[in-house]
Amino acid sequence: MHNTSATPRPTTPGRTAADVRWLDAAFAVAAAQHAKGVVITAQADMWDLDGKTKDHLTNYEPIISEVAARTTEFGRPVLMLNGDSHLYRSDNPLSPTATCTGETDPATGAGVCAHDPSDNAWNEHPYYNVSNFHRIVVHGSTTPLEWLKLTTDPNVNHPVTATTYGPLSWQRMQQPQL
C-alpha cells in the first residue's frame with residue numbers, strides 16, 4: 001500500500017527511538033510517584049522466533065535493553081503484557097533461572113515454553129539477569145477465546161508465581177461464545 005499522507009511513515013530506527021523515549025518517560029514518572037510497580041503493554045512478542053532465525057529479534061534489542069536497564073534501576077515489580085504469539089505464557093525472559101508456564105500449542109502439540117531453545121526465552125537476546133521483571137503473553141486468536149483479568153493492589157506484595165507478582169495478580173477468563 002502506498003502512503004499518500006503528507007507525513008511519511010516513521011522508519012524502524014525512528015519508531016525504536018520513540019519507544020525508548022516513552023519507556024524512559026514512563027519509568028521517570030513511576031519513580032517520581034513512588035509507584036509500587038509498572039505495567040508495560042506491547043503487541044510484539046520480542047522473544048518469539050516466529051519460525052525465523054535469531055536475527056529476526058535483533059531489531060528488538062534496543063527496546064529490550066532499555067526495559068532491562070530501567071526495570072533494574074526502578075527496583076520494583078515490572079510486568080509486561082504482550083500479544084503477537086497468541087499462546088498464553090507466564091515467564092521472565094530477562095532472567096536465566098526463571099520458570100516458564102504456559103499452554104500447549106494446538107498446532108504442534110508442544111508446550112509453549114518449548115518453543116525456545118532450552119525452554120527459556122532469555123537465550124534469544126544477550127544475557128540479562130533482571131529479577132524484578134515478569135511477562136505474560138496473552139492468549140489470542142486460538143480457541144477458546146479468552147481475556148486476562150489484571151488486579152492491582154498496592155497494599156499487597158505477592159510472590160512471583162504463574163498468576164501473581166508484587167502488587168499484581170491475574171486470572172485467565174474464558175470469553176463466552178457469542
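The first residue in the sequence is number 1, and the count goes up from there.
Clustering ILVMFWY residues whenever any of their side-chain heavy atoms sit less than 4.5 angstrom apart, transitively, puts Phe74 in the very cluster that holds Trp22.
Nearest heavy atom pair, residue Ala44 against residue Tyr60, reads CB-OH, 3.7 Å. Here the closest heavy-atom approach between residue Ala30 and residue Val38 is recorded as CB-CG2, 3.5 Å. Pro154 and Pro167 make their closest contact through CA-CB, 4.2 Å (heavy atoms, listed as atom of the first residue, atom of the second, distance). Between Ala162 and Ser90, the shortest heavy-atom distance links the atoms O-OG, 3.1 Å. Residues Met80 and Met46 come closest through the heavy atom pair CE-CE, 3.7 Å. For the pair Asn157 and Gly166, the tightest heavy-atom approach, listed with the atom from each and the gap, is OD1-CA, 3.4 Å.
Electrostatic pairing of Glu66 and Arg21 does not count as a salt bridge here, judged by no charged N lying under 4.0 Å from a carboxylate O.
In this structure the side chain of Thr151 reaches within 4.5 angstrom of the side chain of Ser169, judged on heavy atoms. Inter-residue side-chain proximity for Arg172 and Glu103 is flagged as met; some heavy-atom pair is nearer than 4.5 Å. Looking at heavy atoms from C-beta onward, Leu23 lies in side-chain contact with Ile63 at the 4.5 angstrom threshold. The closest side-chain heavy-atom distance from Trp170 to Leu81 is not below 4.5 Å. With contacts defined as side-chain heavy-atom distances shorter than 4.5 Å, the pair Leu79/Leu150 qualifies. Looking at heavy atoms from C-beta onward, Val160 lies out of side-chain contact with Thr164 at the 4.5 angstrom threshold. Side-chain contact between Phe133 and Pro77 is absent, with no heavy-atom pair separated by less than 4.5 Å. Residues Lys149 and Met173 form a side-chain contact, since some pair of their non-hydrogen atoms from C-beta on lies under 4.5 Å apart.
Between His134 and Tyr165, the angle of the ring planes lies from 30° to 60°, which puts this pair in the tilted group.
Remark: the backbone N or O of Thr71 is paired with a side-chain donor or acceptor of Asn132 at under 3.5 angstrom. Not a single donor-acceptor pair under 3.5 Å links the side chain of Ser65 to the backbone N or O of Glu61.
Atom OG of Ser131 and atom CG of Leu94 lie 10.5 Å apart (nearest 0.5 Å). Atom OH of Tyr88 sits about 5.0 Å away from atom CD1 of Ile136, to the nearest 0.5 Å. Distance OG1/Thr97 to CG/Asn92: 8.0 Å, rounded to 0.5 Å. The structure places CG of Asn82 at 10.0 Å from CZ of Arg89, a figure rounded to the nearest 0.5 Å. Separation of atoms OG1 (Thr163) and CG (Leu168) is listed at 11.5 Å; rounding is to 0.5 Å. The distance from atom CG of Asp24 to atom CD of Glu73, rounded to the nearest 0.5 Å, is 8.5 Å.
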Please step through side chain to side chain contact (heavy atoms under 4.5 Å, CB included) for the pair Thr72 and Tyr128, ending with a clear verdict. CA-CA 10 Å; Thr72 299; Tyr128 294 102; over 6 Å; no
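Of the options His139, Gln175, Gln171, Gln174, a side chain to side chain contact (heavy atoms under 4.5 Å, CB included) to Trp147 is made by Gln175 and by none of the others.
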